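What you see is a predicted model, and the numbers here were worked out from it, not measured in a lab.
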Amino acid sequence: MLKAAIIGASGYTGAELAGLIQSHPNLTLSGLYVSEGSQDAHKSFASLHPRWRGVIDLPLLPLDDEALSRIHTEADLVLMATAHEVSHDLAPGFLAKGLPVFDLSGAFRVPGDGFYERFYGFQHQHGDWLARAAYGLAEWNQDAIKAAQLIAVPGCYPTASLSALKPLQAAGLIAEGSKPIISAVSGVSGAGRKASMANSFCEVSFKPYGVLNHRHQPEISHHLSNQVVFQPHLGNFIRGILATIYVQLNDNVGDEQIAAAYQQAYQGQKIVRLTGQWPQINDVAGTPFCDLHWARDGNQLIVVSAIDNLLKGAASQAIQCINIHQGFSPLAGLVQE
């Protein structure tokens, strides 16, 4: 059993990580941590997340010097469900101690001059680790995930979008010079657990945000090797992402080529499901799955992708990355085999 420390365990994603590790056959929780000044420090995990009452009876410990020393000496791996700047500052210390780090923030996802200043509001100080990080899109980057010490788990919108687009890109079916258009909607949990007017459920209305300047647009474009138009929306539901994607295909692409591209990409990959019907959020909420379906009209393709933003878009994909990195069964802790 490998001992996993979770930093940022009070939030929605951190809580999902704790639940998945608790039930994982090869992992055990070595500690649940929050920032040193957090109002949640010393509270019980189950008092914040009663769903795990009687299952995970651990305290949320402040990440002080004593806690850092304990992680360095006792943990086998670290999961970071923290703010981008926090992961940026803390991850190199764990890496220097030889610990594998699975970072669910955006701090190490996209190499490139000026990217973090423009889209994240801070100057990246660890270009060496940024260059060495593996992008944790589990179905597409297994060799790099297995070899790397630092795994940057993708964002939820990029996971939904790239899972739909990469089979087409790999097969050379996307028209040269075209930009796929991604229109995606996320539940309110994507904004995090901290209360604000923006995610107060009574105030939420279906609406676009981040128009033409959302940080996930360059992340998707970089890892697709093709520019995209990306427009997110906030939906008045708790969890899940539904992405409707419009793709211009090359001339003379037929249904058989499209089907072959998806079947070749996801043959034997049980987390990504080619459903044969239009995905919906209720089919994936609370699960690790990504559901895909498509339809074509001439050179215009529409692909719909559905995931749970907290699971396939964050916590369960991190577990997939751990399974790959450690050589565990790919579905361990996620789906009963």
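- Crowding of Asp143 atom CG: a count of heavy atoms from other residues, nucleotides or ligands under 6.0 Å not exceeding 12.
- Between the side chain of Arg296 and the backbone N or O of Ile302, no donor-acceptor pair lies under 3.5 Å.
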Name the atoms and distances for all side-chain donor-acceptor pairs under 3.5 Å in residues 258-269, with sequence neighbours left out.
| residue | atom | partner | partner atom | Å |
| --- | --- | --- | --- | --- |
| Tyr262 | OH | Ala164 | O | 2.6 |
| Tyr266 | OH | Trp140 | NE1 | 3.0 |
| Tyr266 | OH | Ser163 | O | 2.6 |

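- Using a cutoff of 4.0 Å between basic side-chain nitrogens and carboxylate oxygens, Lys3 and Asp76 are not scored as salt-bridged.
- No donor-acceptor contact under 3.5 angstrom links the side chains of Ser105 and Thr82, judged on distance only.
- A distance-only check finds no donor-acceptor pair linking the side chain of Asp291 to the backbone of Val284 [under 3.5 Å].
- A donor and an acceptor atom, one from each side chain of Glu219 and His216, are located under 3.5 Å apart.
- Side-chain N or O atoms of Asn309 include none that pairs as donor or acceptor with a backbone N or O of Cys156 at under 3.5 Å.
- When the shell of 6.0 Å around NZ of Lys97 is examined, it contains 12 or fewer heavy atoms from other residues, nucleotides or ligands.
- A side-chain donor from one of Gln227 and Gln217 sits under 3.5 Å from a side-chain acceptor of the other.
- Taking CE of Met1 as the reference point, atom CG of Leu29 lies at 9.0 Å (rounded to 0.5 Å).
- Judged by distance alone, the side chain of His42 and the main-chain N or O of Pro62 form no donor-acceptor pair under 3.5 Å.
- The backbone N or O of Pro330 sits less than 3.5 Å from a side-chain atom of Asn323, completing a donor-acceptor pair.
- Interatomic distance, Ile220 CD1 to Asn226 CG, rounded to the nearest 0.5 Å: 11.5 Å.
- Among residues two or more places apart in sequence or in another chain, the side-chain hydrogen bond (donor to acceptor under 3.5 Å, both in side chains) test is passed with Thr159 by Gln317.
- Looking at Arg109, its side chain does come within 3.5 Å of a backbone N or O of Leu104 through a donor-acceptor pair.
- A side-chain donor-acceptor contact under 3.5 Å links His325 to the backbone of Ala148.
- No hydrogens or angles considered: nothing links the side chains of Gln300 and Asp297 as a donor-acceptor pair under 3.5 Å.
- Checked by atom type and distance alone, the side chain of Gln257 never pairs as donor or acceptor with a backbone atom of Leu173 at under 3.5 Å.
- Between atom CZ of residue Arg70 and atom CG of residue Asp64 there is a gap of 7.0 Å, rounded to the nearest 0.5 Å.
- Clustering of Ile, Leu, Val, Met, Phe, Trp and Tyr by side-chain heavy atoms under 4.5 Å joins Ile71 with Ile7, Tyr33, Leu61, Leu63, Leu68, Val78, Met80, Val86, Leu90, Phe94, Leu95, Leu99, Val101, Phe108, Val110, Phe115, Tyr116, Phe119, Tyr120, Phe122, Trp129, Leu130, Leu150.
- Without hydrogens or angle criteria, Thr275 side chain to Leu292 main chain gives a donor-acceptor distance under 3.5 Å.
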